[in-house]
Each structure stands twice: as C-alpha cells, then as structure tokens.
Amino acid sequence: MRNPGQDEQQERRRAAEIAGRLLEWYGRHGRDLPWRRTRDPYHIWVSEVMLQQTRVETVIPYYERWMAQFPTLEALAGAPEEQVLKAWEGLGYYSRARNLHQAAREVVSRYGGSVPDDPEAVSRLKGVGPYTAGAILSIAFNRPVPAVDGNVLRVIARLYAIADDIALPATRKVITELVRAMMPAGRSADFNQALMDLGATICTPRSPRCLLCPVREACEGFRAGRVGGLPVKGKARAPRPVERVAAVVEQDGRLLLTRRPPDGLLAGLWELPGGDAPPGRSPEDALRAVLWDAFRVEAVVGEHLVDVTHAFTHLVWYIRCYRAELGPGCEIPETPDRRWVAPEELKDYPLPTVQRKVLAALHEARTPGVGLNGRDIRSAETGGVMRER
DNA sequence: CAATCGTGGTT
DNA sequence: TAACCAAGATT
C-alpha cells in the first residue's frame, strides 16, 4: 500500500519523463520559424499576437513585412494607427493591431521601450491575455510560465484523458497547472514550444499521428483508445444572417469611402458607404435611409450593381450594392471619417477583406463609370496586400 | 459565462 | 459542402 507522498513522487517522475521526451523530440523535429530565430521580446510579442487564432502559414508573410516596416518597438509606437491597420489588413481580428499599437506606446512611455519581464506588467498590456503573457515570458525570458493555447489544451487533454469541456475556465486551470508542474527547470521556452509543436504536427485535431508520438507510452488517451474523442469541445453556433446595403458614389472620378466606428466589427477600417438593411423594407429604401443617416442628404439610388456574400465567425453579410447619387448636386465635404478617394489612392486605405471582395465584384461586373474601370480597381487591389487568386 | 471579433484552409 | 478549425482577448 503506497502513501500519498509516494504517489506524488511517482507522478512527478512520470511528468519528468514526459517532459524529457518532449524536449528531445523538439530538438530534432521542432519547426524552424522566423520568430524562432530571435529572442527579442518585441519580435516574440508581435508573432504571438499575430498567431492568435491564426495559422502559422498565414502569419509568416505578415510577420516578415511587419518587421521590415516596424523594426523596433519605438518604430511601431511612433507610427500612425492608420499605417498599423494597413499592415494588418487581411489578417482579421483588427483589435489585435490596435491593442498592440496602444501597448507598444505604453511600453515606450512607461517602461522606456523595454518589454517588462514580470507577469503582472506583461498581463496588463492591451491584447495580452493568459496565453500571450505566458508565451512572451517563457519564450523571450525563459521564465517558468505555462503558455496554454489550443494545441496545449488538446495535447494535455489527451495525455491525461481529461473529458471536461476545454472551453470551461475550470478545465483550462487544471490543464495549466498540469503544464506548470511538468515544466523542466530552465527549459521553459523550449518546453512550451515543444507542446505546441507536438499539437501542431503530431497530436493534431483529426487524424493524429500517434505512431510517431514521442510520448505515446505515457498517453492515457491513447492507452484507453479515446484519442479520437478528445478533447471535448462545445459546438459552434450557426452564423446569423445580416442583410446589408452599400453604395458606389462617384464624383469627379473619385469614390466615396467612409470609416467604420472605432469599436466593434472591423473597427477603424474603410468601406463603401452603407449599413445594415432592416428586414421588411426594400433594399433601395434601406440604402436611402442609411445614406440619410450618414450624410443628412437625400440620395437617388441607381442601378443594382453586384451582390456579395461574406461569412464571419458569428454572422454572414449579404451585401446588395447599388450606384447612388447624393444630393443630387450637393457637396459632401471630406471629414476624418469620410473621403473622396481616387482609384490610385485606394491602396493607402486599410480595407477589410469583405470590402476588397466588393471591389473585386464591381471589377468583375465591369462596372462602368469614371475612375471605376477594371484596370484602376485591379491596380488598387494589388497595390495593397499581395495575394494569390 | 457567453458573445463578440476575421480570415483562410481542411475535411 | 458545411462544419470545423487555427499559437485567444475582451466585455
């Protein structure tokens, strides 16, 4: 009969065995990624924020461009927000960019430009939650703090056959403490990244490569044949459909753009004038109402140009796009949130992917009109973030 | 706690 | 193809 002290010691030995195998595996099979060629806390920080809910392959080109454009924390802090959003264009979850920008300014003003290395200060930075704080502290400073992302949740849930919903804070806490207890002294950076790499390349969500796993013998989920059913995770809800209207308003070869509010969906990015279309009214009426709210002038809604569908995580936009004239014959002055944009200037404005889709559809439909011919729109598109089609 | 917040790739 | 998923944070 063993006493609790012996069980605890046994468990500690098992954890050390797992950690050792993981480190050994990581040394041979860890991925060579751009942000792993440095230990600069700013570089690590930027990569971790970009990687939030975003695939490595997607992030790499953004990361490279970002470091060329904002080589230092001071460079980022000194840049205008519009330029920061432009660099983030197409990456999604744009509050990450605005939070990172604000936090960079905070580090410059409060910490003299050096990223703090204590958990409390790092966690207070905008956009830095439990995972990102752990990642910065462990990877950049080798401090013994867990970095529990989706990979780690999955790996640990399988390793210990944890069947509780990983979305629950209580489950995350259990897993975080298991990781903390497992961390080998002085190897925090490698250990956290080893867990993530194992999840990304071996212990994948579907079709995990258990036969190649360095910790298969220690995996309770594998032993019990339950890897396929772990981790347990609630189902996503269906996105809510939203009818939208948008207007192509031209004047002297320029296109009218408006900037979205500073909070909420696609905050601070630019779009064609438009908005939600309340159900039960014609799209033309809805567009007139939306344009009245925005500009306080009567609008003449012209021909229907294109329809664009765009799905977000939690909603789907069905956009009906019309030509429209404001006034008519009345001046719409520019403001900070309202600009007449020549085609060759479109590339200077941060536009969300949904708006690029609208422009592409207009181009595809060969929408006639001064300054809106195909060549101009195409050059404006490719003038921004280059992307294969 | 549950909803919000993007986009692109995979199955 | 629709559903799922990816190095989450904020409110």
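As the structure is a prediction and not an experimental result, all values here were calculated from the model. Letters A, B, ... are given to chains in the order of the sequence lines, protein chains preceding strands, and every chain is numbered from 1.
- Listed pair A:T353 / B:dT7 meets the phosphate criterion, a side-chain N or O lying under 4.0 Å from OP1 or OP2.
- Looking at which nucleotide of DNA chain C each of A:N99 and A:V56 is closest to, the 5′-most match is held by A:V56.
- A cation-pi arrangement, defined by a distance under 6.0 Å to the six-membered ring centre and an angle within 45 degrees of its axis, is absent between A:R154 and A:Y160.
- Using a 4.0 Å heavy-atom criterion, one finds that A:L315 contacts no nucleic acid atom at all.
- Listed nucleotides: C:dG8, B:dT7, B:dG9. Nearest to the side chain of A:L266: B:dT7.
- For the pair A:L91 CG and C:dA7 P, the computed distance is 14 Å after rounding to whole Å.
- Judged purely by distance below 3.5 Å, without hydrogens or angles, the side chains of A:R96 and A:N99 never pair a donor atom with an acceptor atom.
- Counting to the nearest Å, the P atom of C:dC4 and the CZ atom of A:R237 are 13 Å from each other.
- If you check C:dA9, C:dC5, B:dC5 against the side chain of A:K233, the one that comes closest is C:dC5.
- The 5' end of DNA chain C is approached more closely, in terms of each residue's nearest nucleotide, by A:G234 than by the other of A:G234 and A:K126.
- A:F312 and A:H314 have tilted rings, their planes meeting at an angle from 30° to 60° on a 0 to 90° scale.
- Separating the P atom of C:dA7 from that of B:dT11 is a span of 14 Å, rounded to the nearest Å.
- Among B:dT7, C:dA7, B:dC5, the nucleotide with an atom closest to any side-chain atom of A:H310 is B:dT7.
- Using a 4.0 Å heavy-atom distance criterion, A:G264 is classed as a sugar-phosphate-only contact.
- One interatomic measurement links the two molecules: CG of A:N192 to C1' of C:dA7, which rounds to 11 Å at whole-angstrom precision.
- If you check distances only, the side chain of A:R31 does reach the base of C:dA7 with a donor-acceptor pair under 3.5 Å.
- Ion pairing between A:D165 and A:R172 fails under the 4.0 Å rule for side-chain N and carboxylate O.
- For an aromatic pair to be called close, the ring centres must be under 6.0 Å apart, and A:W66 with A:F70 satisfies this.
- Within the nucleic acid shown, A:T313 comes within 4.0 Å of at least one base atom, counting heavy atoms only.
- The nearest whole Å value for the distance from the CZ atom in A:F312 to the P atom in B:dT7 is 6 Å.
- Phosphate contact (OP1/OP2 of C:dA6, side-chain N/O of A:Q53, threshold under 4.0 Å): absent.
- Looking at heavy-atom distances under 4.0 Å, A:V49 makes no contact with the nucleic acid at all.
- In the set B:dT7, C:dA9, C:dA7, B:dT7 carries the atom at the smallest distance from any side-chain atom of A:Y94.
- The phosphate of B:dA3 (OP1 or OP2) has no side-chain N or O of A:H314 nearer than 4.0 angstrom.
- Using a 4.0 Å heavy-atom cutoff across all strands shown, A:T132 reaches sugar-phosphate atoms only and no base atom.
- Evaluation of atom-type donor-acceptor distances gives a pair under 3.5 Å for the side chain of A:T54 against the base of B:dG6.
- Nucleotide C:dA6 holds its P atom 5 Å from the CZ atom of A:R154, rounded to whole Å.
- Salt bridge A:E220/A:R223: present, at least one basic N to carboxylate O contact under 4.0 Å.
- Closest to the side chain of A:R206, out of B:dG8, B:dT7, B:dT11, is B:dT11.
- Taken to the nearest 0.5 Å, the CH2 atom of A:W317 stands 7.5 Å off from the CG atom of A:D276.
- If you take CD of A:E89 and P of B:dT7, they are 10 Å apart, rounded to a whole angstrom.
- Heavy atoms of A:A311 sit under 4.0 angstrom from at least one base atom.
- Here B:dG8 presents its P atom at 15 Å from CE of A:M50, a figure rounded to the nearest Å.
- To the nearest whole angstrom, the two C1' atoms, one in B:dC5 and one in C:dA6, are 15 Å apart.
- Within the 4.0 angstrom heavy-atom criterion, base atoms lie near A:W35.
- Closest approach to the A:R55 side chain among C:dA6, B:dT7, C:dG8 is made by C:dA6 (side chain taken as heavy atoms from C-beta onward).
- Comparing A:P169 and A:S95 along DNA chain B, the residue whose closest nucleotide (by nearest heavy atom) sits nearer the 5' end is A:P169.
- Comparing A:R240 and A:A167, the nucleotide of DNA chain B nearest to each residue sits closer to the 5' end for A:A167.
- Counting non-hydrogen atoms under 4.0 angstrom, A:L153 reaches nothing in the nucleic acid.
- Between the CD atom of A:Q355 and the C1' atom of B:dT7 there is a distance of 15 Å, given to the nearest Å.
- A:R36 comes within 4.0 angstrom of a base, heavy atoms only.
- Counted by atom type alone, A:Y349 and A:E89 present zero donor-acceptor pairs between their side chains at under 3.5 Å.
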